[in-house]
Amino acid sequence: MYAWVTALSAWIIPALLAAILAAALVRRVPVYEAFVEGAKDGFGTAVAIIPHVVAMMVAISVFRASGALDLLVALCRPLTDALRVPGEILPLAFLRPLTGSGALSYMVDLFQTHGPDSLIGRMASTIQGSTDTTFYVLAVYFGAVGVTRARYALTVGLLADLAGIAAAIWITNRVFG
């Protein structure tokens, strides 16, 4: 199964890019001009979301510096031990919906400690790829377009993150465990 996953992962992104270019050719979309126009719009969006990004980064820093993350991990440790989930993964699971860069830096720390080809390293990589930065997405993208009522989107986003984390743990244990 490992060889099949490796072969699939090597070809999925080039195949996706080729499919997008083929669809653009079929629809006669000028790909380069559309890309440049989107990049121009992206600059204005980047300036508009700066206050939301700063607010999110301050909240995350307070969450980590206050010890709330460590307390949350300690509270969940008996459950993860009973489910035979490596406890080292928990901070990543809590950080990922909050911050992509914070989760990425924690994943690099896991790589340095356990190695990228260890079960923990592979599990961290799979969690990173199968979840999203839900709070960041809500703050930045909803802030950019002026959406103020994000209650249901938050619930669905966090449930999707939970499903992604559970699936990542299960699949990693099945494929590499």
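Screening residues 12-32 for side chain to side chain donor-acceptor pair (under 3.5 Å) gives no qualifying pairs among residues at least two apart or on separate chains. Within the structure, side chain to side chain donor-acceptor pair (under 3.5 Å) contacts touching residues 7-25 (residues at least two apart or in different chains) do not occur. Sequence neighbours left out, the pairs with a member in residues 127-177 that pass ring-ring contact (aromatic ring centres under 6.0 Å, His included) are Y2-F176.
Considering every non-hydrogen atom in both V29 and A34, the closest pair reads CG1-CB, 4.4 Å. Taking both residues in full, the closest heavy atoms of G164 and S130 are given as O-OG, 3.3 Å, listed atom of the first, atom of the second, then distance. When every heavy atom of V85 is checked against every heavy atom of I169, the shortest pair comes out as CG1-CD1, 3.7 Å. Heavy-atom minimum distance, P86 versus I120: CB-CG1, 3.9 Å.
The environment of L25 atom CG is dense: over 12 non-hydrogen atoms of other residues, nucleotides or ligands sit within 6.0 angstrom.
Cluster annotation: V108 is not connected to L110 through the hydrophobic network of ILVMFWY side chains, with a link wherever side-chain heavy atoms come within less than 4.5 Å. Connection of I13 to L16 is not established within any shared hydrophobic cluster, with ILVMFWY side chains joined at heavy-atom distances below 4.5 Å, either directly or through further cluster members.
Not a single donor-acceptor pair under 3.5 Å links the side chain of T134 to the backbone N or O of P97. A distance-only check finds a donor-acceptor pair linking the side chain of S105 to the backbone of G102 [under 3.5 Å]. Judged purely by atom type and a 3.5 angstrom limit, D132 has no side-chain atom pairing as donor or acceptor with the backbone of D161.
Within the 4.5 Å cutoff, side-chain heavy atoms of M107 are placed close to those of L104. Side chains of L159 and V156 form no contact here, defined as non-hydrogen atoms less than 4.5 Å apart. Counting only heavy atoms from C-beta outward, the side chains of Q112 and D109 approach each other to under 4.5 Å.
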Determine all donor-acceptor pairs shorter than 3.5 Å in which one atom belongs to a side chain in residues 87-94; sequence neighbours excluded.
none

Side-chain donor-acceptor contacts of residues 121-129 below 3.5 Å, not counting sequence neighbours, with atom names and distances?
{"residue": "S125", "atom": "OG", "partner": "G121", "partner atom": "O", "Å": "3.0"}
{"residue": "T126", "atom": "OG1", "partner": "R122", "partner atom": "O", "Å": "2.7"}
{"residue": "T126", "atom": "OG1", "partner": "T172", "partner atom": "OG1", "Å": "3.4"}

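Clustering of Ile, Leu, Val, Met, Phe, Trp and Tyr by side-chain heavy atoms under 4.5 Å joins V26 with none of the others. Cluster partners of L71, by chain and number: L75. The rule joins Ile, Leu, Val, Met, Phe, Trp and Tyr whenever side-chain heavy atoms lie under 4.5 Å apart. Taking Ile, Leu, Val, Met, Phe, Trp and Tyr as members and joining any whose side-chain heavy atoms lie under 4.5 Å apart, directly or through other members, the hydrophobic cluster of F43 also contains V47. Clustering of Ile, Leu, Val, Met, Phe, Trp and Tyr by side-chain heavy atoms under 4.5 Å joins L21 with V31.
F111 meets the ring pair (Phe, Tyr, Trp, His ring centres under 6.0 Å) test with no other residue; sequence neighbours excluded. Not a single side-chain hydrogen bond (donor to acceptor under 3.5 Å, both in side chains) links T80 to another residue, sequence neighbours left out. Under the rule for a side-chain hydrogen bond (donor to acceptor under 3.5 Å, both in side chains), the partners of S101 that lie at least two apart in sequence or sit in another chain are T99.
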